[in-house]
Amino acid sequence: MNRDQIAEVLTEIAVLLELKGENPFKARAYTNAARTLQSLNRPLDELFAPGAEHIKGIGESIHDRIVEMLAKGKCAYYEELKASMPPGLLEMLNIPGLGPKKIKALYEKLGVETVDQLEKACLAGKVAVLDGFGEKTQSKIVEGIKFRQQYASRHLLSDALAVAEPILENLRSHPDVIRCSTAGSLRRSKEVIGDIDFLVSSKNPAEIIAFFVNQPGIMNVTAKGETKASVFMGGGIQADLRVVSDAEFPFALAYFTGSKEHNIVMRQRAIQRGLRLNEYGLFKSDVETRDPKLLVSCKTEEEIFQKLDLAYVPPEMREDHGEFVAAEKNKMPRLIEWTELKGSLHNHSNWSDGRETLEEIAQHMQELGLAYWAITDHSKSSFQANGLDPARLRKQLPEIKKINDKLAKDGDEFRLLTGSEVDILNGGKLDFDNDLLAELDVVVASVHQGFTQSEEEMTKRIIKAVENPYVHILGHMTGRLLLEREPYKLNQHAVIDACAATGTWIELNSNPYRFDMDWRLWQYAKEKGVKCVINCDAHKNEHAGFLRLGAGMARKGWLEKSDIINTLPLKALLVELKKKRQKLA
DNA sequence: GCCGTTTTCGGCCCGACTGTTTTCAGTCG
């Protein structure tokens, strides 16, 4: 079992324990262990080797369960727990308003075991008469079930941004708004978003709440209080607004930006210093009070970190992924800014499955102020994408040269680069011969077929491809499509090691469905000295905008300008593109 | 179930909102 699978079992154990009504802290211990596991960078077989160092948050009994899962691929305790519970109960947790306690009551008092049975019980009026339930709860459950059938609860970052940005603009222009921001996973630039969080400071919260719930695009209002409102937007994205005083704003912003894991450590640091931190402020002593006289004043998030003896941690890094160690030692990376990117080295034209012509692409990218743009159309085996055979590719090269000659004649700095996104075939052979690859400025190698190979075969296949001296970049390493397709099985650490050994760059594919390689692995890659290329994988000119999203992911991976190849100006890039060939050829 | 330089027992982040109550439990973030 891999890291994700083990973490999922631990998380499910926690849920099952809650449903059983066990000690909630026992359940939390499993949740914490799952999180701890996800935040560790080193390979699992090292972390759980006999005699390995103790991991904080994973005690004796959970440690043994993880070792069992690594060895046997299953966990007896989990199987046992699962067997003792109807499987439909877990699904009920997805219904808004239903938690472990209520589900347990429904199960014990009505014998409800599935979402279907629950819906029927509600429609028959059996739920409303239970202790602790009522008419409203009953109809909310029915609504919740219908809603879940209609919409997903998780959304792509790009979709969430498209909904959030116009509302943020509207809030910003409201005269009663002093400061405002998005918060939560959107501000942290997570690849997948649950809901959108807005935060506003104002002297007139009632006015702001009323303004917010009347924004265009809101389907219904699910909660509306004095300082907080929740709504559903078109597309089924939930959005929450909090309104606080301006003095509270930095604390609320830090609090609601999270992540939860990050906040827990922040709170603990406050407690260690005889302080108490919450969304309203940083208070002296842990006395139960909100007396403003006891407030440690901070006007910005930066000052909060300062008071807890930390350097400022940018939102993207607030995942409890090592940021506290770095911020304590004042060794924070200076994260990449998307405006530092000079172009993209993996893109398509209408020669394969892209939309625009070479001329249209060149003109658009030049107008955006970029320095270069590589045309890397698909190779022949990607026939579904109208991949180029060697003859067509050799025909494309002079077309690109013609465009570049004209640009040079006009005195323009911008250049198209020739290239290919060459398929990594089964067994690791590339779809083009080396003599053709040698004619290209940029070679991206990617897997597009044979996704179901074993981890061992896939790992060997990709390592063989990156060992080719003409491959500059490994494209979308895992082939995942967020919310749609799982990554193929792969030992990513081994592939990163191979890229380090051969001087191959790894792509951070900025298509919002991909964001591949995952941000969680970039710290490891960086340690190994592997360079990143933030690529659009553009199929339309408007996909150039993915550079901004990709830079957000790179920031989550702690990457700096110097870690990223496509921050280089054209001349320096051309030098770098020759290095691997000189070294290995 | 995990943790500990005041602790090996007694804590474990905590506040808003809702709905059901009539002072609070459950859920959510």
Side-chain angles (χ1 to χ4, degrees), chain A residues 10 13-14 16-19 21-36 54-66 77 81 92-106 127-141 143-144 153 183-186 188 193-199 205 209 221-231 238-244 248 251-252 254-272 274-283 286 288-290 320:
Chain A
L10 294 176
I13 290 176
L16 290 164
L17 290 172
E18 274 196 87
L19 282 173
E22 291 245 11
N23 176 0
F25 296 108
K26 182 171 167 180
R28 192 179 297 172
Y30 277 92
T31 311
N32 290 341
R35 270 197 212 120
T36 303
H54 172 76
I55 301 164
K56 193 165 169 259
I58 299 179
E60 201 183 326
S61 105
I62 296 183
H63 178 275
D64 288 350
R65 298 203 199 290
I66 295 174
Y77 178 62
L81 263 178
M92 285 184 212
L93 278 170
N94 293 325
I95 301 166
L98 283 189
K101 299 263 168 57
K102 286 217 159 96
I103 292 172
K104 189 164 177 264
L106 288 165
V127 171
V129 297
L130 294 179
D131 277 352
F133 292 76
E135 287 292 340
K136 281 218 170 174
T137 309
Q138 180 171 273
S139 57
K140 269 192 100 169
I141 292 174
E143 256 177 60
S153 61
S185 49
L186 191 72
R188 297 203 315 280
I193 304 290
D195 58 12
I196 299 170
D197 296 295
F198 295 103
L199 182 70
I209 297 277
V221 179
T222 50
K224 189 179 154 205
E226 285 170 23
T227 64
K228 185 187 157 177
S230 287
V231 301
Q238 185 181 327
D240 297 331
L241 168 72
R242 292 273 186 152
V243 187
V244 297
E248 291 166 339
F251 301 102
Y255 181 86
F256 290 113
T257 297
S259 65
K260 203 170 168 180
E261 297 79 10
H262 172 93
N263 283 353
I264 288 170
V265 180
M266 289 290 277
R267 254 173 220 275
Q268 282 164 350
R269 289 188 71 92
I271 292 166
Q272 284 161 7
L275 302 169
R276 196 166 58 95
L277 177 67
N278 61 26
E279 62 259 59
Y280 300 108
L282 183 60
F283 300 93
D286 55 357
E288 278 301 313
T289 176
R290 264 200 234 163
D320 194 19

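Not measured: the values here are computed from a predicted model. As a basis for the values below, the full set of heavy atoms in this structure was taken, side chains included, without hydrogen atoms, waters or symmetry mates. First the proteins, then the strands, lettered A, B, ... as listed; each starts at 1.
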Minimum-distance nucleotide to A:Phe25 side chain [options: B:dG1, B:dG19, B:dC13]: B:dG1
Residue pair A:Asp195 / A:Asp197: nearest heavy atoms and the distance that separates them: OD1-OD2, 3.7 Å
Distance, P atom - from B:dT20 to B:dC28, rounded to whole angstrom: 15 Å
Touch class at under 4.0 angstrom, heavy-atom based, for A:Glu226 against every strand present: sugar-phosphate
Interatomic distance, A:Leu10 CG vs B:dG1 P [rounded to whole Å]: 13 Å
A:His63 side chain near B:dG1 phosphate (N/O to OP1/OP2, under 4.0 Å): no
Contact state string [nucleotides 24-29 of chain B, B base, S sugar-phosphate only, - no protein heavy atom under 4.0 Å]: --SSSB
Nucleotide nearest A:Ser61 when distance is taken to its side chain, options B:dG19, B:dC2, B:dC17: B:dC2
Axial cation check for A:Phe256 ring with A:Arg242, 6.0 Å and 45° limits: no
Presence of A:Arg276 side-chain N/O under 4.0 Å of B:dG15 phosphate oxygens OP1/OP2: yes
Gap in Å between the two C1' atoms, one belonging to B:dG10 and one to B:dA16, rounded: 28 Å
Residues, nucleotides or ligands: over 12 heavy atoms within 6.0 Å of A:Glu135 CD: no
Closest contact, heavy atoms only, A:Pro96 versus A:Gly144: CD-CA, 4.1 Å
Sidechain-backbone polar pair: A:Ser259 side chain, A:His262 backbone, donor-acceptor under 3.5 Å: yes
Among B:dC12, B:dC3, B:dG19, the nucleotide that comes nearest once only the side chain of A:Thr137 is considered: B:dG19
For B:dT8, the Watson-Crick or wobble counterpart (both distances under 3.5 Å): none
B:dC13 versus B:dC3 - spacing of their C1' atoms, nearest Å: 16 Å
Separation of atom CD1 in A:Ile62 from atom P in B:dC3, rounded to whole Å: 9 Å
Nearest-Å distance for atom pair CD/C1', residues A:Glu22 and B:dG1: 10 Å
side-chain N/O A:Asn278 vs B:dG15 OP1/OP2, d < 4.0 Å: yes
Under 4.0 angstrom between A:Thr227 side-chain N/O and B:dC17 OP1 or OP2: yes
Touch class at under 4.0 angstrom, heavy-atom based, for A:Asn32 against every strand present: nothing
B:dT8 and B:dC14, which share atom name C1', separated by this distance in whole Å: 27 Å
Between B:dG19 (C1') and A:Asp131 (CG): distance, integer Å: 14 Å
A:Thr257 side chain near A:Arg188 side chain, heavy-atom distance below 4.5 Å: yes
A:Leu17 backbone acceptor or donor facing A:Glu22 side chain under 3.5 Å: no
Spacing between A:Arg267 atom CZ and B:dC13 atom C1', to the nearest angstrom: 4 Å
Sugar-phosphate, base or nothing in reach of A:Gly57, heavy atoms under 4.0 Å: sugar-phosphate
Between B:dT6 (C1') and A:Ile271 (CD1): distance, integer Å: 16 Å
C1' atoms of B:dG29 and B:dT23, separation to the nearest Å: 24 Å
From B:dC12, B:dG1, B:dT18, nucleotide with atom closest to A:Ala223 side chain: B:dT18
Comparing A:Tyr77 and A:Lys140 on DNA chain B - which has the more 5′ nearest nucleotide: A:Tyr77
Gap separating the CD1 atom of A:Ile141 from the CG atom of A:Leu98, nearest 0.5 angstrom: 4.5 Å
Torsion-based syn/anti label for B:dT6, 90° from 0 as limit: anti
Rounded distance in Å between the C1' positions of B:dT7 and B:dC2: 14 Å
Among B:dA16, B:dT20, B:dG1, the one nearest A:Lys26 by side-chain distance: B:dG1
Whole-Å gap separating C1' (B:dG19) and CD1 (A:Ile141): 12 Å
For atom CZ of A:Arg65 and atom C1' of B:dC2, their distance in whole Å: 13 Å
A:Thr222 (side chain) donor-acceptor with A:Ser230 (main chain) under 3.5 angstrom: yes
